[in-house]
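Okay, so here's the structure we're looking at.
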Amino acid sequence: MSTLTIHCRFFARYAELLGCERVDVPVPNGATVADLVARVRASVPSGDRLPVHLMAAVNRTHVPSGHSLTDGDEVAFLPPLAGG
Amino acid sequence: MSTLTIHCRFFARYAELLGCERVDVPVPNGATVADLVARVRASVPSGDRLPVHLMAAVNRTHVPSGHSLTDGDEVAFLPPLAGG
Amino acid sequence: MVHVTHDPIEPGQLLAAVASSDRGGTALFLGTVRRGLDDGPVAWIEYEAYAEMLEEEFSRILAEARGRAPSTAVAGVHRVGTVPVGEASMGVAVAAPHRAEAFALCQWVVEEAKRRLPVWKREILDDGAASWREE
Amino acid sequence: MVHVTHDPIEPGQLLAAVASSDRGGTALFLGTVRRGLDDGPVAWIEYEAYAEMLEEEFSRILAEARGRAPSTAVAGVHRVGTVPVGEASMGVAVAAPHRAEAFALCQWVVEEAKRRLPVWKREILDDGAASWREE
């Protein structure tokens, strides 16, 4: 099985841009967060409205864009944070 | 009139050392806080139990020992502060 | 402790969570919604969060804070949903044996929280205009 | 505002005294009586003050703080008399437009208060021994 299923989540402005909060995206084995971003921008409707570089969390932990994905990961794309 | 009357106040450990919280002390015109300390140590009962160098406030304001006194000043002798 | 709430933040609860007779200095920080005037008077802010991660990330930050100064106690909470002007969106309390530690660690937690918590805010102005604020 | 009290310090009153919708960051400090163990377990502390000067000096410190950062609000209170272990002897609150100012100014007020307020403390141990503490 060379395809991973990634559970993508979008928040705040990104959810508005896509009109969607969750979508499952298949990526090849060995894909990184950066690869997933490219796939999301190319294949999810309105995906090209998202920035090329996205901050991401995998399974509720911040990760760099080179982070390798695992089947079933929950990847959240985070607009610039504004808490506090 | 070449004598000033200074209203001295003692707090905390100093009040205990002297067994007294207030005493009026006469000093010559032109006297400083340091002069008053010397007079207190020499003339007030048990005054020699006080340290030679005392922190003082005149009329409720911290002052250096060279501060010149005025007739009727309230001078408080302050043990090392421990508030907060 | 739960680090996410829809209700007003109670400073007394944060202070009670860190109180101990071994800790002589307690620092509390509250971040409150400003009336603001950049784009017009702010009526309220809606805080949206990635709630599951917010809870976990705040826990991690507080655990890291305890690791930096083991004799301290730390507590923190972020409010989500509608927060009116003048009310707190985040509260952090730190108690330490001595005051300098309490201040330093409280400030560290606040900076980490601003940098790491997955929270976004939509500002609603008096005239009804709404916009995502990034700051 | 009165800066000297015989009653327990209410953090909520200090916070309310500095709150404003123009100030997004509020820092509160509480100094509390520690159980301590240097000389044996502390039962309580008796704070003695030169009350008239304490009131004036605390006012001066707070006025100086406002002078350092005019858009801030500051409040402070020192408790005198018997303060049990775990209760606060001093509280300081500072609200500022931004958080860094609030922290910095709150810490400044606390340091000045410790350095300048005419207050002394007598520590009473569980065994009844009493001694003036200078620190």
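Just so it is clear: chains get the letters A, B, ... in the order the sequence lines come, proteins before strands, and each one is counted from 1.
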Provide the closest heavy-atom pair for A/Leu81 versus C/Leu117 in the form atom of the first, atom of the second, distance.
CD1-O, 3.5 Å

Would the number of heavy atoms belonging to other residues, nucleotides or ligands and lying under 6.0 Å from CH2 of C/Trp44 be above 12?
no

Residue pair A/Thr61, C/Arg60: steps toward the side chain to side chain contact (heavy atoms under 4.5 Å, CB included) verdict:
CA-CA 10 Å; A/Thr61 301; C/Arg60 281 190 285 264; 3.6 Å; yes

Side chain, backbone, both or neither of C/Tyr50 within contact of chain A (heavy atoms, under 4.5 Å):
both

What I'd like to find out is whether the side chain of A/Arg60 reaches to under 4.5 Å of the side chain of C/Glu55, using heavy atoms alone.
no

Could you tell me whether the side chain of C/Glu52 reaches within less than 4.5 Å of the side chain of A/Arg9, counting heavy atoms only?
yes

What part of C/Ala88 gets closer than 4.5 Å to chain A, counting heavy atoms only: side chain, backbone, both or neither?
neither

Side-chain donor/acceptor of A/His62 to backbone N/O of C/Arg116, under 3.5 Å
yes

For A/Glu74 and C/Met53: C-alpha separation, side-chain torsions, deciding distance, then whether side chain to side chain contact (heavy atoms under 4.5 Å, CB included) applies.
CA-CA 11 Å; A/Glu74 175 173 289; C/Met53 179 175 168; over 6 Å; no

Can you confirm whether more than 12 heavy atoms, excluding those of C/Glu111, are under 6.0 Å from its CD atom?
yes

Without swapping roles, check the side chain of C/Glu134 against the backbone of A/Pro80 for a donor-acceptor pair under 3.5 Å.
no

What heavy-atom pair brings C/Ser89 and A/Gly84 nearest, and what distance separates the two atoms?
OG-O, 2.8 Å

If you define the side chain from C-beta out and look only at heavy atoms, does anything of C/Trp120 sit under 4.5 Å from A/Arg13?
no

